[in-house]
Student: 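Shown below is the structure under consideration.
Just so you know, these numbers come straight off a predicted model, no measurement behind them. Naming convention: chains lettered A, B, ... in sequence-line order (proteins, then strands); numbering from 1 in each chain. For the numbers below, each heavy atom of this structure counts, side chains included, while hydrogens, waters and symmetry mates do not.
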2 protein chains.
Amino acid sequence: MPAALPAGRARVERAALDLFTVRGFEDVTSDEVADSAGISRRTFFRYFPTKADAVWGDFAGHVSRLEELLAAADPASPVLTSVCAAYVEVNDYPEAELPLLRERMRLILTEPALLAHSQLRFAEVDRVVARHVAARTGTPASGLLPRLVAASTRAAATTAFEAWLADGDSSLAAHLRLAFAEMSGGFPSLRG
Amino acid sequence: MPAALPAGRARVERAALDLFTVRGFEDVTSDEVADSAGISRRTFFRYFPTKADAVWGDFAGHVSRLEELLAAADPASPVLTSVCAAYVEVNDYPEAELPLLRERMRLILTEPALLAHSQLRFAEVDRVVARHVAARTGTPASGLLPRLVAASTRAAATTAFEAWLADGDSSLAAHLRLAFAEMSGGFPSLRG
DNA sequence: TTGCCCCTGGCACCGGGTGTCACTAACGTC
DNA sequence: GACGTTAGTGACACCCGGTGCCAGGGGCAA
């Protein structure tokens with residue numbers, strides 16, 4: 001059989017993203033994604049542990065970069081500031097990748113099954129952030145404060161992403177900064 | 001057939017909770033839960049749209065009560081304060097129900113499949129909170145601020161629940177108040 | 001060529017979830 | 001008391017996501 005171009009993970013991701021975007025995540029079977037990518041269903045599930053994971057690209061690398069940014073953060077600046085800055089920096093994508101990012105995030109945040117699954121992937125981020133805060137404050141990572149900072153900043157970041165998807169004009173960084181500023185400042189614009 | 005006591009939804013919930021607690025959510029099949037509750041698998045899925053939903057009890061009622069509390073909140077006090085107060089009040093369970101609540105929440109927050117599913121149920125809460133904030137600020141509920149308040153307070157509440165589960169000593173209300181105070185005050189204890 | 005290893009596909013299986021149908025108990029009506 | 005209606009239940013068949021297992025096949029070293 002003529003092998004129809006070397007498949008490769010990236011090829012499968014594109015096929016999945018396209019199909020999910022056009023017809024919705026639930027209404028596309030893993031069989032269809034596999035067919036469309038020219039591989040078998042069995043092989044699809046060797047590339048990705050889950051149908052949902054086909055949407056996330058190199059998220060593990062994303063988390064790793066965040067971890068490095070945190071490790072390299074200036075110990076003099078406040079922890080919360082470091083975390084927010086790292087979030088902004090790790091999400092500073094080159095212009096060319098923005099359409100792809102939009103596609104991914106739109107799926108993740110609007111398709112119920114993917115939104116549910118996202119909790120598991122985002123939990124990886126939370127653990128990284130919580131560990132950093134714990135290290136900086138000299139408290140256990142399982143304590144309230146590290147977890148709280150992780151959960152709150154992640155909530156702000158997710159909300160910023162939603163706003164960015166709905167907006168289209170302003171940059172992602174602008175939305176992130178605004179969300180972080182509101183939250184870490186105790187929601188100043190609510191004291192009206 | 002002798003019908004073995006009128007089954008009823010509550011009976012099934014107990015059976016599910018017990019089995020999941022003892023053997024883990026993933027390692028118990030819906031068949032086993034149904035058998036243990038004296039009903040058929042098909043009937044189980046008429047009580048609950050999902051295996052995961054068997055853990056949540058009357059969560060819809062919980063959300064409704066939160067909504068009512070928000071609607072009845074003093075318009076003079078700051079929005080954020082109202083939201084946090086409503087969260088605390090809606091989670092003011094009578095002593096006798098605390099063991100059950102612990103069981104539920106421990107499962108939801110530690111079992112990966114249930115944690116993922118929780119995103120969908122908690123999103124109902126977010127919508128209620130966001131609508132309230134939107135109404136109070138005269139902005140659209142899809143704007144950044146209402147969503148941000150909803151996501152942040154929910155993150156704080158979830159973290160408080162985790163701490164409460166791990167702690168065992170202090171009351172749930174105490175954990176909630178602490179988490180809300182930290183977050184809405186801009187994490188004062190990080191400015192050390 | 002031989003042997004090895006890795007990638008792949010096929011197959012059978014499990015478990016969650018759903019549509020459909022048949023049965024039965026409960027109820028009101030004539 | 002016979003009747004039709006309705007709601008709840010269970011059995012069955014089916015779809016789909018995910019996995020274990022085994023059989024091929026291509027590349028590569030000896």
Student: Take the protein atom CZ of B:Phe45 and the nucleotide atom P of D:dA11, then report the distance between them rounded to whole Å.
Tutor: 15 Å
Student: In plain terms, say whether B:Arg121 and B:Glu124 are close enough for a salt bridge, that is, a side-chain N and a carboxylate O under 4.0 Å apart.
Tutor: yes
Student: At less than 3.5 Å, do the side-chain atoms of B:Arg46 and the base atoms of C:dG17 form a donor-acceptor pair?
Tutor: no
Student: Among B:Phe48, B:Phe20, B:Phe122, B:Tyr47, which residue satisfies the ring-ring contact (aromatic ring centres under 6.0 Å, His included) criterion with B:Trp56?
Tutor: B:Phe122
Student: According to a strict under-4.0 Å criterion, is B:Tyr47 in side-chain N/O contact with OP1 or OP2 of D:dT9?
Tutor: yes
Student: Under the 3.5 Å rule, do the base of D:dG20 and the side chain of A:Arg42 count as making a donor-acceptor pair?
Tutor: yes
Student: Output the rounded distance in Å from CG (B:Leu114) to C1' (C:dG16).
Tutor: 14 Å
Student: Please list, in numerical order, the residues of residues 19-34 of chain B that have a heavy atom closer than 4.0 Å to any atom of DNA chain C.
Tutor: B:Val28, B:Thr29, B:Ser30
Student: A:Phe48 CZ to C:dC7 P: how many Å, rounded?
Tutor: 15 Å
Student: Is atom CD of B:Glu97 surrounded by more than 12 heavy atoms (other residues, nucleotides or ligands) closer than 6.0 Å?
Tutor: yes
Student: Tell me, please, which residues at least two apart from A:Glu26 pass salt bridge (charged side-chain N to carboxylate O under 4.0 Å, His left out).
Tutor: none
Student: Do A:Ser77 and A:Asp74 pair up side chain to side chain, a donor and an acceptor below 3.5 Å, judged on atom types alone?
Tutor: no
Student: Please determine whether a side-chain nitrogen or oxygen atom of B:Thr43 lies at a distance below 4.0 Å from atom OP1 or OP2 of D:dT9.
Tutor: no
Student: Between OG1 of B:Thr158 and CD of A:Gln119, what distance do you get to the nearest 0.5 Å?
Tutor: 8.0 Å
Student: Atom CZ of A:Arg11 and atom P of C:dC7: how far apart are they, to the nearest Å?
Tutor: 19 Å
Student: Could you state the NE2-C1' distance from B:His117 to D:dG17, rounded to the nearest angstrom?
Tutor: 18 Å
Student: Whole-Å distance between D:dC15 P and A:Lys51 NZ?
Tutor: 16 Å
Student: Determine the sole option in B:Leu98, B:Leu165, B:Asn91 for which the side-chain contact (heavy atoms from CB on, under 4.5 Å) test with B:Leu172 is passed.
Tutor: B:Asn91
Student: Looking only at N and O atoms, is any donor in the side chain of A:Arg41 or the base of C:dG10 less than 3.5 Å from an acceptor on the other one?
Tutor: no
Student: Could you tell me how far apart A:Phe44 (CZ) and C:dG10 (C1') are, to the nearest whole angstrom?
Tutor: 18 Å
